[in-house]
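Each remark here refers to the structure printed beneath this line.
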Amino acid sequence: MARFEVSAIFKINAQGFSLRRGVSILLVMLLPLVVLGALGEEKYFVSVALGALFTGLCDPGGRYSYRAPRLGVIAVSGALLTALGYWLGAQAWGWVALAAFLVTTLAGLAVTYGARRFVAALLLNVWFLIALSLPSAYRADGVHTGAWPQALAWLIGSGLMIGYIGLMWLAGGRSGRQQTGAELLPGDTTPVPLSRKVIMYAVIRAVAVAAAVAIAFGLDVPNADWMPVAALVAMKPSLGQSTLVAAQRLTGTVIGAALAAAVLMGVDNKIVMGAVIVVLGGLAGAVRAVSYTWYIAAVAGTVLIAEGLPHPTVLAEEARRIGFTFAGVGIAVVVTYLAGLLAGHAAAGDRPPRAAAPRSRR
């Protein structure tokens, strides 16, 4: 595996800071917090807010006629995954683990369609795992909700972001703005052939996530739902990404989890928690091209606070959440190690065979 300086994990590219993108995401996430809080329908906030956030993070830039249909696919796909997740969350754990395996496998294979679609699939994969865990959290808090209302909430959040992007495009003189993000590495914009190694790694990731889901749902362990989310966020998403990227994902996930636990332990007002989610979502958008580590930390903090928002817990339970987060990170470390072995084996297989040394004549 390649070596790198520890300082590279926290390397800052100040020129990548985008106040406009951060404020845009913050405003679109803030609106549902205010409106749903006034209506007493806070149970839909997580779906609306993360629908807006993930749709905004998937914005490809360019002309609105190019962006809108692609973001529309994200909106509809996310809504369907929301409905599936909320419905499966109340079913037998075997079906939940199977669904997690299939969705994670398909998301991993999306790399064949290029980096942008792969990033979108990864974000939708994270949201699906959250959607699986939210029904039990709402039930624990005595809140009744359904799959299709939550799917509609996601769709509304995505629609708000798509509409806002359109307004900003018009206000900017209809000029195409190229979206840049730390998730898209230089040269990583072309489709990737589905080689045996790529498929194997996608399956390994899916098995790891499904195993974490099976533990959380099959053993009915309280607060274990943080484990599959942490594992997926911390894992190296594709076989082609570097060791540095893997270290940045692991580090960012741990930082985000610690922040989420601190917020859930120190704040018991759901509106305030929602405000923290809004701020972290805006921060994720603003620093996306500044530092991959801090971008992952902001995303991890956002999704883990959102996962705990329906049913905040006491200190002891938050400690267990932190423990399960580290268990998820441990799973990510193992999978990243296996990725290194796969990549090394693939590189060895690509080397041309050595020519046989000529025999000396006597």
Side-chain angles (χ1 to χ4, degrees), residues 32-33 36-37 39-51 78-100 103 124-157 209-210 212-232 257 260-261 263-265 267-274 276-277 302-325 327-328:
L33 176 66
L36 293 173
L39 296 176
E41 297 289 349
E42 295 90 345
K43 61 186 177 182
Y44 298 114
F45 170 70
V46 172
S47 294
V48 177
L50 293 192
L80 294 175
L81 287 173
T82 304
L84 179 62
Y86 270 83
W87 177 72
L88 280 173
Q91 307 303 315
W93 69 269
W95 293 110
V96 179
L98 177 61
V103 171
L124 290 175
N125 194 177
V126 172
W127 167 243
F128 178 67
L129 295 182
I130 296 171
L132 285 173
S133 66
L134 288 177
S136 60
Y138 281 122
R139 285 196 301 271
D141 212 41
V143 175
H144 299 283
T145 185
W148 291 113
Q150 291 290 346
L152 179 60
W154 166 279
L155 205 58
I156 290 172
V209 170
V213 169
I215 293 172
F217 286 81
L219 300 180
D220 197 21
V221 181
N223 306 305
D225 50 359
W226 274 31
M227 182 165 56
V229 174
L232 183 60
V263 170
L264 291 172
M265 284 189 291
V267 180
D268 58 2
N269 186 300
K270 292 187 178 182
I271 298 298
V272 176
M273 290 183 193
V276 175
I277 290 173
T302 301
V303 300
L304 292 174
I305 294 172
E307 199 169 2
L309 178 62
H311 185 59
T313 53
V314 297
L315 179 62
E317 294 194 24
E318 293 305 333
R320 283 197 291 270
R321 277 178 170 165
I322 286 290
F324 283 118
T325 299

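Among all heavy-atom pairs drawn from Gly274 and Leu309, the shortest one is N-CD1, 4.5 Å. Residues Ala212 and Met227 share a closest heavy-atom pair of O-CE, 3.7 Å. Taking every heavy atom of both residues into account, Ala306 and Pro310 meet most closely at O-CD, 3.3 Å. The two residues Gly78 and Leu124 make their nearest non-hydrogen contact at CA-CD2, 3.8 Å. Listed here is the closest heavy atom pair of Ala151 and Ala79: CB-O, 3.3 Å. When every heavy atom of Leu88 is checked against every heavy atom of Ala99, the shortest pair comes out as CD1-CB, 3.3 Å.
Here Met273 contributes atom CE and Leu264 contributes atom CG; the two are 5.5 Å apart, rounded to the nearest 0.5 Å. Atom-to-atom distance recorded for Ile271:CD1 and Leu33:CG is 5.5 Å, nearest 0.5 angstrom. Considering CD1 of Ile277 and CG of Leu50, their distance stands at 7.0 Å, rounded to 0.5 Å. Separating the CG atom in Leu84 from the CG atom in Leu132 is a distance of 7.0 Å, to the nearest 0.5 Å. In this structure, the separation between OG1 on Thr302 and CD1 on Ile130 is 9.5 Å, given to the nearest 0.5 Å. One distance of note links CZ of Arg139 with CG of Leu134; it measures 11.0 Å at 0.5 Å rounding.
Put simply, the side chain of Val213 reaches to within 4.5 Å of the side chain of Leu129, judged on heavy atoms. Within the 4.5 Å cutoff, no side-chain heavy atoms of Leu80 are placed close to those of Trp154. Looking at heavy atoms from C-beta onward, Tyr138 lies in side-chain contact with Tyr86 at the 4.5 angstrom threshold.
Using modelled atom types, no side-chain atom of Asp141 and backbone atom of Val143 make a donor-acceptor pair closer than 3.5 Å.
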Distance-only criterion, 3.5 Å: show the donor-acceptor pairs between side-chain atoms of residues 39-49 and protein atoms not counting sequence neighbours.
residue: Lys43; atom: NZ; partner: His144; partner atom: O; Å: 2.9
residue: Ser47; atom: OG; partner: Gln150; partner atom: OE1; Å: 2.6

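Aromatic ring centres of Trp148 and Trp87: separated by at least 6.0 Å.
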